[in-house]
Amino acid sequence: MTRSHPQHRRTVRTAGALALLLGLAAPAPAAALPAGSVSEAAGTPSIAVPASCGPAAAGPFAVPDGPTAQDDRRALAAALDGLGAAVGAEIGLLVQDPDGRTVLAHRPELTGMEASLSKVPLALTTLRLAADREGRLTEQQRALIRDSVHESGNESTSALYGALGPTVSAMESELNETYDLMGVTSTRSSGGWGHNLTTASDQLAVLRTVVHGAGWLPEEDLAWLREQMRPAHPSQTWGVGTARAEGTLVKNGWLPDAAGRWDVHSVGRARAGGTAQHIAVLGSGYPSAACGQDVATAVVELHLGLGAV
């Protein structure tokens with residue numbers, strides 16, 4: 001969430017690595033595989049605890065190919081549960097098609113602090129108010145949104161939030177009105193941005209607004225916002241952002257709780273089997289931000305390797 005981004009060590013990279021997750025390619029030499037990512041035992045691909053999460057107490061967790069898509073989903077769910085238990089975290093995954101139909105759901109009810117994911121609804125609120133008041137974003141607003149969304153800058157985000165109204169109550173009200181307009185049902189601003197709880201379904205409702213637009217948003221400004229969500233800055237090139245193909249959109253977020261455990265999330269649009277999918281990976285209880293980032297990357301790449309039906 002802060003500008004001091006933990007160093008991200010990717011668990012898997014390239015299309016060849018995606019295929020390896022499913023045993024569709026010959027295994028790479030051991031030295032070519034990042035520590036704690038993917039291994040094969042007796043021909044069965046598996047996912048291991050990333051090295052950034054500390055010494056592995058369990059695993060690796062097998063992800064065998066099933067004869068049907070349903071078997072693949074069961075294998076993925078078992079792997080996610082095992083991986084979460086090994087690192088002491090809860091992991092939720094929700095995948096939908098662009099129209100909001102569920103493709104895959106694993107613990108979609110999981111909640112976590114919104115963290116930097118809230119920077120997208122805040123940007124959309126700024127677009128909405130600019131359209132109501134001035135007609136278009138100002139250059140200053142563009143600079144703040146670019147820093148907030150593209151580079152995950154917190155000071156710019158606080159400036160955007162503070163510009164929503166003269167009081168905290170007014171700021172909350174404007175952001176919550178945007179949530180309502182997007183069909184968000186659980187996420188609410190309360191006393192600021194980032195520490196409120198959110199769900200995967202709420203975050204995909206936000207993403208659908210970014211992708212499809214809305215009558216209360218100027219399309220030209222919205223298209224510009226989508227450009228700010230391309231995975232280019234290091235803070236956004238893990239999780240869904242690891243899928244660097246044309247059309248990928250992402251917003252990542254991470255924040256420690258009062259006990260020092262981390263909520264780490266990644267939400268965005270990527271392609272699986274040539275089809276656009278909206279993906280939300282929420283995780284709570286990680287020992288470090290780097291651990292959560294590596295797990296989110298592994299989960300996304302595992303899903304993209306499994307594909308969708």
Side-chain angles (χ1 to χ4, degrees), residues 1-2 90-94 96 100 102 105 107-133 141 144-145 148-149 152-217 222 225 229 249-259 261-268 278-285 292:
M1 177 166 176
T2 64
E90 296 180 288
I91 303 170
L93 171 65
L94 179 62
Q96 295 179 343
T102 296
R107 301 202 63 191
E109 76 287 350
L110 181 68
T111 62
M113 290 183 290
E114 196 173 16
S116 287
L117 299 182
S118 64
K119 294 171 180 177
V120 175
L122 180 51
L124 292 170
T125 304
T126 304
L127 265 66
R128 175 176 64 81
L129 293 177
D132 289 345
R133 297 170 182 173
Q141 288 171 327
L144 290 172
I145 291 173
S148 172
V149 173
S152 215
N154 290 339
E155 290 184 7
S156 296
T157 305
S158 294
L160 288 168
Y161 189 77
L164 296 184
T167 65
V168 172
S169 177
M171 299 171 201
E172 293 173 356
S173 178
E174 292 293 0
L175 185 50
N176 287 333
E177 181 175 343
T178 300
Y179 285 132
D180 288 337
L181 288 168
M182 294 187 292
V184 168
T185 59
S186 300
T187 309
R188 284 293 177 269
S189 173
S190 179
W193 62 270
H195 286 83
N196 50 286
L197 295 179
T198 193
T199 65
S201 60
D202 277 357
Q203 289 303 314
L204 292 190
V206 174
L207 182 64
R208 283 195 301 275
T209 302
V210 171
V211 172
H212 296 310
W216 44 275
L217 290 169
L222 187 59
L225 177 61
M229 294 179 66
L249 302 177
V250 65
K251 188 69 194 83
N252 294 327
W254 60 102
L255 187 66
D257 63 20
R261 305 291 289 188
W262 286 80
D263 283 12
V264 181
H265 319 305
S266 185
V267 176
H278 293 182
I279 304 170
V281 183
L282 268 61
S284 296

Self-check item: Arg107 side chain vs Gly92 backbone, donor-acceptor pair below 3.5 Å
Solution: no
Exercise. Report the residues that fulfil salt bridge (Lys or Arg N to Asp or Glu O under 4.0 Å) with Asp257, sequence neighbours left out, ordered by chain and then residue number.
Key: none
Quiz item: Can Ser156 and Ser148 be counted as having a side-chain donor-acceptor contact under 3.5 angstrom?
Solution: no
Self-check item: Straight-line distance of Thr126 OG1 to Leu175 CG, nearest 0.5 Å
Solution: 9.0 Å
Quiz item: Side-chain contact, heavy-atom cut-off 4.5 Å: Val250 with Ser266?
Solution: yes
Practice problem: Decide side-chain contact (heavy atoms from CB on, under 4.5 Å) for Asn176 and Arg188; before the verdict, give the C-alpha distance in whole Å, the side-chain angles of both, and the deciding distance to 0.1 Å. | Solution: CA-CA 6 Å; Asn176 287 333; Arg188 284 293 177 269; 3.3 Å; yes
Self-check item: From CE (Met182) to OG1 (Thr125), nearest 0.5 Å
Solution: 6.5 Å
Quiz item: Under 4.5 Å between any side-chain heavy atoms of Val267 and Lys251, yes or no?
Solution: no
Quiz item: With a 4.5 Å limit on heavy-atom distance, are the side chains of Leu93 and Ile279 in contact?
Solution: yes
Exercise. Check side-chain contact (heavy atoms from CB on, under 4.5 Å) between Thr167 and all other residues, then give those that pass, not counting sequence neighbours.
Key: Ser169, Ala170
Quiz item: Can you check whether Glu114 reaches Trp193 side chain to side chain, under 4.5 Å on heavy atoms?
Solution: no
Practice problem: Considering non-hydrogen atoms only, spot the tightest contact between Ala115 and Leu255 and give its length. | Solution: CB-CB, 3.8 Å
Exercise. Report yes if some heavy atom in the side chain of Leu124 is under 4.5 Å from a heavy atom in the side chain of Val120; otherwise report no.
Key: yes
Quiz item: How many angstroms lie between CD in Glu155 and CG in Leu144, if you round to the nearest 0.5 Å?
Solution: 11.0 Å
Self-check item: Residue pair His278 / Leu204: nearest heavy atoms and the distance that separates them
Solution: O-CD1, 3.8 Å
Quiz prompt | Gly112 backbone acceptor or donor facing Asp263 side chain under 3.5 Å | solution = no
Quiz item: To the nearest 0.5 Å, how far apart are CZ in Arg128 and CZ in Arg133?
Solution: 8.0 Å
Self-check item: Donor-acceptor side-chain pairing of Tyr161 and Ser118 below 3.5 angstrom
Solution: no
Self-check item: Nearest-0.5 Å distance that lies between atom CG in Asn196 and atom CG in Leu117
Solution: 10.0 Å
Quiz item: At their closest point, which heavy atom of Thr198 faces which heavy atom of Leu282, and how far apart are they?
Solution: O-CD2, 4.0 Å
Quiz item: Do you know which two heavy atoms are closest between Tyr179 and Ser189, and how far apart they sit?
Solution: CE1-N, 4.0 Å
Quiz item: Is there a side-chain contact between Gln203 and His265 (heavy atoms, below 4.5 Å)?
Solution: no
Quiz item: Of all heavy-atom pairs between Leu225 and Val149, which one has the smallest distance, and what is that distance?
Solution: CD1-CG2, 4.2 Å
Self-check item: Side-chain (Lys119) to main-chain (Thr157) donor-acceptor, under 3.5 angstrom
Solution: no
Quiz prompt | Side-chain touch Thr178/Trp216, heavy atoms, less than 4.5 angstrom | solution = yes
Quiz item: Quick one: are Glu109 and Ser201 in side-chain contact, heavy atoms under 4.5 Å?
Solution: no
Quiz item: What is the minimum heavy-atom distance between Thr187 and Thr199, and which atoms define it?
Solution: OG1-N, 4.1 Å
